[in-house]
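Working notes, structure below.
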Number of protein chains: 2
Amino acid sequence: MRPTMKDVASAAGVALKTVSRVVNGEPGVHPATAERVRTAIDRLGYSRNESARVLRSGRTATIGLVIEDVADPFYSGLSRAVEEVVIGHGCLLLSGSSGEEPGRERELVETFCARRVDGLIVVPAGEDHTYLRSELEAGTPVVFADRPPGAGLDVDTVLADNAAGAEQAVRHLLGHGHHRIAFLGDDPAIFTAAERLRGYRETLGGLFDERLVSMRAPELETVRADLTRMFALDQPPTALFTGNGRYTVTALRALRGRRVALVGFDDFELADLLDPGVTVVAQDPSWMGRVAAELLFRRLRGDSGPSEHIQLPVRLIGRGSGEMSPYD
Amino acid sequence: MRPTMKDVASAAGVALKTVSRVVNGEPGVHPATAERVRTAIDRLGYSRNESARVLRSGRTATIGLVIEDVADPFYSGLSRAVEEVVIGHGCLLLSGSSGEEPGRERELVETFCARRVDGLIVVPAGEDHTYLRSELEAGTPVVFADRPPGAGLDVDTVLADNAAGAEQAVRHLLGHGHHRIAFLGDDPAIFTAAERLRGYRETLGGLFDERLVSMRAPELETVRADLTRMFALDQPPTALFTGNGRYTVTALRALRGRRVALVGFDDFELADLLDPGVTVVAQDPSWMGRVAAELLFRRLRGDSGPSEHIQLPVRLIGRGSGEMSPYD
DNA sequence: GTGAAAGCGCTAACAT
DNA sequence: ATGTTAGCGCTTTCAC
């Protein structure tokens with residue numbers, strides 16, 4: 001079996017509490033005694049049992065992070081930033097991917113809570129977060145990132161300015177002479193997709209045409225079929241606004257060769273190396289992660305002000321694909 | 001304060017142990033009693049304290065994963081696969097990025113061990129893993145992925161066949177008529193980089209020329225400088241083999257416009273959309289993660305056979321850049 | 001400066 | 001089918 005504090009204590013010829021003092025760096029131990037204890041610790045290969053500490057002290061020094069998918073570059077960037085902040089505060093990170101399934105989001109959150117994480121950062125997949133209420137009442141701070149919680153939950157949020165980003169994209173294309181601008185995006189049940197659609201629609205105003213909107217799965221076949229349908233219209237689109245990185249890439253594959261102006265939401269590696277370079281509305285996933293994590297730790301330090309709703313700006317990066325005119 | 005089993009017990013008018021039985025789904029509880037307990041649980045909003053369970057039972061149902069960087073697509077793919085297997089076994093995942101710093105790798109591993117993770121999957125950054133010995137002796141299974149442990153540690157490993165991959169790449173380029181093939185890769189202190197260099201060197205045989213090798217930081221300026229130097233040689237390279245995804249992308253940026261054949265280690269999104277498509281030696285990060293995690297759970301189930309050393313094959317995907325001849 | 005005792009919330013082992 | 005008891009390894013409290 002592993003050595004315990006008790007073992008170290010008898011090996012060093014001191015009381016358990018003295019070992020505890022040394023291990024925790026508490027003052028009031030004679031240097032010589034401390035040295036004896038440290039020697040015993042090394043000799044036995046002792047390492048403190050965190051579960052026991054947690055049980056007694058109540059603090060797990062663990063943060064839970066629920067995202068949609070670690071394998072998605074947006075969320076892996078966000079994860080890395082959260083991790084940095086968490087480690088910087090001497091804590092560890094429990095993380096899990098919901099895979100866009102509300103049930104799994106809930107399971108992950110509840111499992112994290114059963115482990116008594118000190119705080120939670122959640123990119124929600126579901127619409128209903130009433131199950132979080134008892135946890136919030138127990139005092140666990142929760143920050144929602146990228147998407148807000150369902151109705152009735154008053155928690156901190158860190159979101160990108162999705163509608164403004166869509167507006168920038170559409171204005172940019174209008175400015176280059178396009179009037180027929182198609183939109184390809186996620187199911188509007190997803191907050192970010194709905195917001196981007198809203199920005200697109202409101203900016204287009206009278207130019208909006210629902211036949212130019214497709215919000216189905218980001219699969220190559222689906223996207224290709226929808227684009228084919230749109231290009232067969234009397235007045236086909238001359239430009240395309242894609243609602244996230246996955247749609248941008250899928251659209252690029254589906255469009256191969258066809259000359260259409262394109263602006264995509266989300267920046268991605270190699271966007272500058274394609275020909276033409278892909279114009280995007282860029283978010284900063286690391287920034288979002290950092291801001292969310294820092295807000296969480298502010299709460300953990302005791303800030304109990306009213307819930308904050310931080311909106312991060314996005315910015316358009318022109319690289320060529322969004323600067324083509326409808327005529328050339 | 002949060003309700004405990006004791007609270008639930010008195011609320012339901014039963015003994016503590018009965019609540020424990022219901023919570024853990026143990027048999028031998030009268031349905032009516034169980035129902036009363038469940039009602040009390042719901043009413044009080046009870047959720048089991050995992051730290052207490054862990055302290056008593058010794059099993060944390062937690063796996064620790066140390067990688068180099070979650071934000072790197074290779075490792076985020078691996079993470080996602082590990083997570084899938086871990087969740088499938090009813091466990092959670094503690095993960096951390098070493099950032100290629102041996103000190104941080106060790107800190108993460110030791111912190112995970114202090115939390116008494118049931119098992120560890122490690123992509124090592126350091127060379128010395130003797131610090132793991134006591135943990136291994138305590139019975140914690142450890143699987144090394146992507147890179148082997150330092151000398152003297154006999155643990156399971158799951159590695160890609162790096163040297164064979166490099167051989168395939170070089171043979172492919174030789175087969176297309178190249179004799180001057182440059183190599184750009186990571187510091188050979190990193191196992192995978194050393195193996196790929198070895199494969200490259202051994203396959204080239206007498207054609208090897210150390211002036212065509214660069215193993216410095218994958219920064220644009222460094223890579224550009226090294227390539228410029230190589231192209232100024234009397235017999236400049238006509239082909240390039242890049243040692244990992246980061247170098248491939250950096251080289252593509254540095255090469256802009258210049259006609260050189262290219263094969264890169266690691267596949268990446270959009271490799272097919274560039275012009276020409278980028279020929280790569282592809283690994284499968286999900287596969288590696290899945291295999292490592294499954295091996296770990298096999299150990300947790302009690303398999304105590306000799307340590308296993310699994311080598312995963314890689315495969316060359318021709319897309320154009322590797323099929324250019326030196327003459328056209 | 002050091003130590004003894006209590007108990008965190010749960011499960012394991014043993015009653016009843 | 002249900003309850004009682006002990007104790008996991010630590011921190012907290014208070015005594016010396």
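By convention in this document, chain letters (A, B, ...) are assigned in the order of the sequence lines, proteins followed by strands, and residues within each chain are numbered from 1.
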May I ask you to say whether A:Arg133 pairs ionically with A:Glu137, meaning some side-chain N is under 4.0 Å from a carboxylate O?
no
Provide, to the nearest angstrom, the distance between the [atom1] atom belonging to [X] and the [atom2] atom belonging to [N].
X       : N      : atom1 : atom2 : result
A:Glu26 : C:dG1  : CD    : C1'   : 13 Å
B:Lys6  : D:dA6  : NZ    : P     : 16 Å
A:Arg2  : D:dG9  : CZ    : C1'   : 13 Å
A:Asp7  : D:dG9  : CG    : C1'   : 10 Å
B:Leu55 : C:dC10 : CG    : P     : 12 Å
A:Asn49 : D:dC10 : CG    : C1'   : 8 Å
B:Arg53 : D:dG9  : CZ    : P     : 15 Å
B:Met5  : C:dT11 : CE    : C1'   : 8 Å

Ranking A:Leu16 and A:Ala34 by the position along DNA chain C of their nearest nucleotide, the one closer to 5' is A:Ala34
Of B:Ala52 and B:Arg21, the one whose nearest nucleotide on DNA chain C sits closer to the 5' end is B:Ala52
Using 30° and 60° as the class limits, which term best fits the ring planes of B:His129 and B:Phe144: parallel, tilted or perpendicular?
perpendicular
Working to the nearest 0.5 angstrom, can you tell me the gap between B:Glu50 CD and A:Ser51 OG?
10.0 Å
Rounded distance [0.5 Å steps], CD in A:Gln311 versus CG in A:Asn162:
8.0 Å
DNA chain D nearest-nucleotide lookup for A:Ser47 and B:Thr33: closer to the 5′ end is B:Thr33
With heavy atoms under 4.0 Å as the rule, sort A:Val14 into base, sugar-phosphate or nothing.
sugar-phosphate
Is there a donor-acceptor pair under 3.5 Å between the side chain of A:Arg53 and the backbone N or O of A:Arg59?
yes
State whether [X] places a side-chain N or O below 4.0 Å from either non-bridging phosphate oxygen (OP1 or OP2) of [N].
X       : N      : result
A:Ser20 : D:dC10 : no
A:Thr18 : C:dG3  : yes
B:Thr4  : C:dC8  : no
B:Ser57 : C:dT11 : no

If you take atom types as modelled and just measure distance, does the side chain of B:Arg56 reach the base of D:dG7 with a donor-acceptor pair under 3.5 Å?
yes
